[in-house]
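Report on one structure; see the data block that follows.
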Amino acid sequence: MARAVNKLTALKVRKLKEPGRYSDGDGLYFYISQSGSRSWVFRYRDRATQKHRDKGLGPERDVSLEQAREAARRARASIREGIDPIDSDAKAKAQAAIDRARGVSLGHCIEQYIQAHRSSWRNEKHASQWENTLKSYASDLWDLPVTVIDTPEILRTLEPIWYDKTETATRVRQRLEAVLDWAAARKLRSATNPARWRGHLDKLLPKPAKLKAVKPRPALPYTEVGGFMQQLRAKDSLGARALELIILTASRPSEVTGGQWSEIDFARATWTVPAERMKAGKAHRIPLSDQAIAVLTAMPRIDAKYIFPGEGKNASMTTAAPLKVLKELSPGVVSHGFRSTFRDWAADMTAFPREIAEQALAHSLKDKTEAAYRRTDLFVKREKLMTAWADYCDRIQAESDNVASIVRATEKTGMR
């Protein structure tokens with residue numbers, strides 16, 4: 001007959017007053033001493049002596065029922081691996097003392113992790129985001145020895161921001177998990193990772209998807225894009241030309257501001273963004289409309305490498321430059337939002353199939369089977385789509401255009 005487990009509840013534990021030992025099952029007990037102290041204990045049998053041993057899991061005020069169960073689960077896992085929980089704890093504490101003397105802190109591990117992975121990240125900004133995020137939200141852990149960081153420390157870091165700053169909290173958790181895995185691989189701590197989500201924190205924290213509402217980036221309605229482009233083309237600056245190219249190519253701002261002359265094939269009217277500069281890590285061919293080619297042709301060759309050079313040596317323009325122009329012309333809208341403008345226009349005003357518009361945005365296929373069989377990037381059809389979009393951007397839209405342009409776009413491209 002299977003032994004009963006999870007016999008206690010949080011409410012029942014709070015109501016217990018009499019001294020004694022109360023079983024939750026599978027070796028976990030709640031103790032109330034004669035003096036009134038309340039704590040959790042895991043009882044197990046020593047394999048060598050066959051005598052019972054009690055491993056303290058902490059007082060009730062610091063350890064919840066769920067946390068006690070998790071600690072008992074880890075202890076049982078240790079026993080199955082032939083490791084005595086009490087002895088292994090003593091060894092871990094001794095190792096922690098050694099590491100403390102060595103100065104192996106979490107902050108040191110974070111810095112080493114960033115240094116080890118810096119060359120594989122797309123840009124220096126990614127490294128600074130890593131460090132700044134962890135310094136801001138995990139500052140209490142920075143100087144702690146990496147060996148002593150466990151679930152309570154991780155929860156103290158995540159819980160204050162999990163509900164109000166869910167996306168940020170998710171990134172903090174993922175980054176802490178990566179650093180702690182790195183530390184384990186370096187033999188600086190145990191392999192058990194208290195920041196892991198599946199099978200651990202997912203039992204203690206609500207799923208991020210249940211908490212955060214997806215907020216689309218502020219975007220200009222496509223019915224206003226013609227008038228906006230007229231104002232934009234009156235601006236004579238590199239930032240304005242970068243923003244114009246962002247709109248005409250429906251690209252991410254960083255893909256355009258980091259663009260290099262070597263990526264442009266004027267003869268074939270193609271811009272090939274290499275994999276290391278793409279979000280999905282896959283090279284993306286962009287068909288260039290006549291309007292986009294005109295922007296590039298008129299650009300001064302200030303820098304031999306970058307189309308839009310930055311202020312520093314051998315650096316490209318940052319995404320702040322086109323955003324500054326945008327704020328002057330249309331406050332409240334962001335550069336990335338023009339991808340939504342383009343997508344809405346393609347859906348509402350043309351008969352182009354959905355997959356062509358999605359490929360134009362370099363979105364990955366969610367259907368893995370379809371992705372496995374897709375051997376083309378639909379370039380020829382995307383040429384027609386981007387030409388139709390550039391022509392649409394040239395016109396000052398009237399309300400009567402909303403219906404008529406669907407017919408015109410369909411007749412012009414032959415798409416049905």
Practice problem: Say whether Thr151 and His200, considering side chains only, have a donor N or O and an acceptor N or O under 3.5 Å apart. | Solution: yes
Practice problem: Report yes if the side chains of Leu188 and Thr147 come closer than 4.5 Å at any heavy-atom pair, otherwise no. | Solution: no
Quiz prompt | Ion pair Asp181/Arg189, N-O distance below 4.0 Å | solution = no
Quiz prompt | Gln291 and Asp391 side chains, donor-acceptor separation under 3.5 Å | solution = yes
Exercise. Tell me, with the steps shown, if Tyr29 and Asp24 meet side chain to side chain donor-acceptor pair (under 3.5 Å).
Key: CA-CA 6 Å; Tyr29 292 89; Asp24 184 56; over 6 Å; no
Self-check item: Candidate pair Asp150 and Glu153, rule side-chain contact (heavy atoms from CB on, under 4.5 Å), full reasoning
Solution: CA-CA 6 Å; Asp150 209 340; Glu153 288 75 30; 3.5 Å; yes
Practice problem: Output the distance between atom CG (Asp265) and atom CZ (Arg285), rounded to the nearest 0.5 Å. | Solution: 10.0 Å
Practice problem: Could you tell me whether Phe228 and Phe338 have their ring centroids closer than 6.0 angstrom? | Solution: yes
Quiz item: Can the ring centroids of Trp40 and Phe30 be said to lie less than 6.0 angstrom from one another?
Solution: yes
Quiz prompt | Interatomic spacing from CD in Glu131 to CD1 in Ile114 - rounded to 0.5 Å | solution = 5.0 Å
Quiz item: How are the rings of Trp130 and Tyr113 set relative to one another: parallel (under 30°), tilted (30 to 60°) or perpendicular (over 60°)?
Solution: parallel
Quiz item: Would you call the rings of Trp345 and Tyr392 parallel, tilted or perpendicular, where under 30° means parallel and over 60° means perpendicular?
Solution: tilted
Quiz prompt | Salt bridge flag under 4.0 Å for residues Lys324 and Glu328 | solution = no
Quiz item: Between OG1 of Thr297 and CE of Met299, what distance do you get to the nearest 0.5 Å?
Solution: 11.0 Å
Quiz item: Is the backbone N or O of Thr166 less than 3.5 Å from a side-chain atom of Thr170, with the two atoms forming a donor-acceptor pair by type?
Solution: yes
Practice problem: Measure across Cys393 and Ile247 and return the closest heavy-atom pair with its distance rounded to 0.1 Å. | Solution: SG-CG2, 4.2 Å
Quiz item: Does Asp62 use its side chain to pair, donor to acceptor, with the backbone of Pro59 at less than 3.5 Å?
Solution: no
Practice problem: Please check if the side chain of Arg61 supplies one atom and the backbone of Ser39 the other of a donor-acceptor pair under 3.5 Å. | Solution: no
Quiz prompt | Lys/Arg-Asp/Glu bridge criterion (N-O < 4.0 Å) met for Arg156, Asp140 | solution = no
Quiz prompt | Any donor-acceptor N or O pair under 3.5 Å, side chains Tyr44, Asp84 | solution = yes
Self-check item: Any donor-acceptor pair under 3.5 Å from Arg339 side chain to Leu361 backbone
Solution: yes
Practice problem: May I have the step-by-step check of side-chain contact (heavy atoms from CB on, under 4.5 Å) for Leu220 and Leu326, ending in yes or no? | Solution: CA-CA 11 Å; Leu220 191 75; Leu326 180 54; over 6 Å; no
Quiz item: Can you tell me how far CG of Leu329 sits from CG of Leu243, rounded to the nearest 0.5 angstrom?
Solution: 8.0 Å
Quiz item: Is there a donor-acceptor pair closer than 3.5 Å between any side-chain N or O of Arg343 and the backbone N or O of Glu358?
Solution: no
Self-check item: Salt-bridge contact Glu255-Lys279 (side-chain N to carboxylate O under 4.0 Å)
Solution: no
Quiz prompt | Under 3.5 Å: donor-acceptor pair, side chain of Ser330, backbone of Val333 | solution = no
Quiz item: Would a 4.5 Å heavy-atom cut-off, applied to side chains only, mark Val104 and Pro145 as touching?
Solution: no
Quiz item: Looking only at heavy atoms, what is the nearest atom pair of Ala195 and Leu201, with distance?
Solution: O-CD1, 3.6 Å
Quiz prompt | Test item: Arg175 side-chain N/O and Ile110 main-chain N/O as donor-acceptor pair under 3.5 Å | solution = no
Quiz item: Run the side-chain contact (heavy atoms from CB on, under 4.5 Å) check on Leu180 and Trp182 step by step: do they pass?
Solution: CA-CA 5 Å; Leu180 292 174; Trp182 177 91; over 6 Å; no
Self-check item: Thr341, Asp394, Thr350 screened by side-chain contact (heavy atoms from CB on, under 4.5 Å) with Trp389, the one that passes
Solution: Thr341
Self-check item: Salt-bridge present (Glu60, Arg14; N to O < 4.0 Å)
Solution: no
Exercise. Check the pair Trp271 / Ile307 against side-chain contact (heavy atoms from CB on, under 4.5 Å), numbers first and verdict last.
Key: CA-CA 12 Å; Trp271 186 343; Ile307 301 171; 4.1 Å; yes
Quiz item: Hey, is the main chain of Asp26 close enough, under 3.5 Å, to the side chain of Arg76 for a donor-acceptor pair?
Solution: yes
Quiz prompt | Flag for Arg277-Ser254: side-chain donor and acceptor within less than 3.5 Å | solution = no
Practice problem: Please name the pair of heavy atoms, one in Leu28 and one in Phe42, separated by the smallest distance, quoted to 0.1 Å. | Solution: N-CD1, 4.3 Å
Quiz item: Can we say Glu66 and Lys203 salt-bridge, meaning some charged N sits less than 4.0 Å from an Asp/Glu carboxylate O?
Solution: no
